[in-house]
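Atom set for the values below is all heavy atoms of this structure, side chains included, hydrogens, waters and symmetry mates excluded. In this text, all values refer to a predicted model and were calculated from it rather than measured experimentally. Residue numbers start at 1 and run along the sequence shown.
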Amino acid sequence: MLFKNIQFFLILMKELLSLLKRFFGYTSFRPLQAEIIQRTLQKEDSLVLMPTGGGKSICFQLPAIYMPGTAIVVSPLIALMKDQVEGLIANGIPAATLNSMMPEEERHRVRQLCIQGKVKLLYISPEGIISELHWLLPRIDISLIAIDEAHCISHFRPEYTQLSVLKENFPKVPIIALTATADKITRTDILNQLKLRDPKTFTSSFDRPNLSLTIRRGLSKKEKIAAIVHFINRHHRQSGIIYCMSRNSTESLVEELSEYSIRAVAYHAGLSSDKREKAQDDFINDRVNVVCATVAFGMGIDKSNVRWVIHYNMPASIENYYQEIGRAGRDGMKSDTLLFYSV
């Protein structure tokens, strides 16, 4: 029996590595990915803590491809869902999203594709999950449920607190909750609110040796602008993000930089969805190199060549800081970060 289990395991790993190479171009797993995927295939629940760029998406996307049925991925931002789905489709993986910005005809088409088993991954907001709970979801062969950016349960998305209904309604479906930022209290909150059953927590190393960390203190606004301009000029034509605490700061910083012939775009929740989408698309496709943004920008955005991150203001927490600087250097190449703070 033991030999048969080992033999099955070796065959499974070979199949998973083949899928990993075919759809994502990787020849080996990163630390913990294989263990997390195996646990999901065994239909067991997991909480995954990995740094930004650590390979969280593979942990649910690969088993979704391998398993029969459709994986449900709960995601907090339309822009994030769009980015993920476009990337999957480009890799030949049938994926779709349901969101409030889609015309009803398009939502109906996506629902029918899911019912017909033609979608491997369906991305949907927490609000959308609740509205589809009693009509669409029972008609789908659900392979797994992934709760992306699961720390939202304890932070700025109260809709996430309703997601306990998923385990109640689909008790045999494995749930994997994923985040790059969660202290001990938040981790406990995630496990309790999602009502995960005998979950295992996987915590990857958060060491990012390719990131350099620079801190500047006590500078005036004029001195900060001069330092930012010098920093950007040292990273000529390299993509980077400047995080600001307020919407007004993003807009004013864009104007300040334009006086130094640095083209930047603003990104914050006060912009229309069209403007936010254009800013994101321009950044992802290298039509603009600098984004001045509030903290929501970059969540789950798969852009590997971000070479630098600046914090114009102190981040809300050390967890937020680590997540935000982690958006630089996702390709493993040397990248720089700069933090301003006042005492």
Side-chain angles (χ1 to χ4, degrees), residues 16 32-50 54-77 80-81 84-85 88 95-98 114 119-155 157-182 184-204 299-300:
L16 291 174
L32 295 183
Q33 284 181 331
E35 294 93 323
I36 295 165
I37 291 169
Q38 290 164 32
R39 186 169 176 83
T40 300
L41 294 179
Q42 292 168 349
K43 298 189 178 297
E44 296 176 307
D45 297 341
S46 303
L47 170 61
V48 175
L49 292 95
M50 281 186 176
K56 292 187 298 296
S57 296
I58 293 292
C59 294
F60 63 84
Q61 290 174 349
L62 195 64
I65 296 168
Y66 180 83
M67 300 168 77
T70 299
I72 305 298
V73 184
V74 180
S75 182
L77 299 172
L80 169 54
M81 290 190 277
Q84 294 268 326
V85 168
L88 289 167
T97 180
L98 278 176
C114 291
V119 175
K120 293 301 294 180
L121 293 105
L122 175 65
Y123 283 72
I124 189 167
S125 69
E127 302 91 334
I129 279 283
I130 303 304
S131 65
E132 301 288 352
L133 185 63
H134 298 297
W135 192 86
L136 176 62
L137 297 188
R139 291 169 170 79
I140 299 177
D141 177 19
I142 301 176
S143 57
L144 65 93
I145 298 171
I147 313 294
D148 205 7
E149 308 295 345
H151 62 277
C152 293
I153 284 174
S154 290
H155 294 276
R157 283 298 284 269
E159 298 86 357
Y160 267 69
T161 63
Q162 304 175 50
L163 296 180
S164 61
V165 297
L166 293 173
K167 182 55 72 175
E168 294 169 1
N169 283 266
F170 307 100
K172 295 182 180 180
V173 175
I175 293 180
I176 176 172
L178 309 101
T179 180
T181 171
K184 290 183 179 179
I185 294 174
T186 302
R187 296 178 202 181
T188 301
D189 209 16
I190 292 170
L191 297 175
N192 291 340
Q193 294 211 43
L194 292 178
K195 296 186 177 178
L196 302 187
R197 296 185 178 176
D198 299 319
K200 182 173 181 179
T201 298
F202 295 88
T203 304
S204 178
M299 188 182 289

In Å, rounded to the nearest 0.5 Å, how long is the span from [atom1] of [X] to [atom2] of [Y]?
X	Y	atom1	atom2	answer
T70	I140	OG1	CD1	5.5 Å
D148	K56	CG	NZ	7.0 Å
C152	I190	SG	CD1	9.0 Å
S75	I147	OG	CD1	10.5 Å
M50	F202	CE	CZ	9.0 Å

Taking C-beta and beyond as the side chain, do [X] and [Y] meet within less than 4.5 Å on heavy atoms?
X	Y	answer
N169	L166	no
T40	C59	no
E132	L98	yes
L194	Y160	no
Q61	Q84	yes
V48	L32	no
L41	L16	yes
L163	I129	yes

Test side-chain contact (heavy atoms from CB on, under 4.5 Å) applied to V85 - qualifying residues, sequence neighbours left out: I89, A95, T97, Y123
Are any side-chain N or O atoms of [X] and backbone N or O atoms of [Y], one a donor and one an acceptor, separated by less than 3.5 Å?
X	Y	result
K120	M67	yes
D189	I185	no
S143	A71	yes

Carboxylate-amine/guanidinium proximity below 4.0 Å for K200 and E44: no
Using every non-hydrogen atom in the two residues, find where [X] and [Y] come nearest and quote the distance to one decimal.
X	Y	answer
H151	T179	ND1-OG1, 2.8 Å
I153	T161	O-CG2, 3.8 Å
L47	L49	CG-CD1, 3.8 Å
S125	M81	N-SD, 3.9 Å
L122	V119	N-CG1, 4.1 Å
K195	E168	NZ-OE2, 2.7 Å

Set of residues satisfying salt bridge (charged side-chain N to carboxylate O under 4.0 Å, His left out) with respect to D45, sequence neighbours excluded: K167
Worked verdict on F170 versus I175 for side-chain contact (heavy atoms from CB on, under 4.5 Å): CA-CA 10 Å; F170 307 100; I175 293 180; over 6 Å; no
Donor + acceptor pair across side chains of Q162, Q193 (<3.5 Å): no
Single hit among I36, L144, I176 for side-chain contact (heavy atoms from CB on, under 4.5 Å) with P63: L144
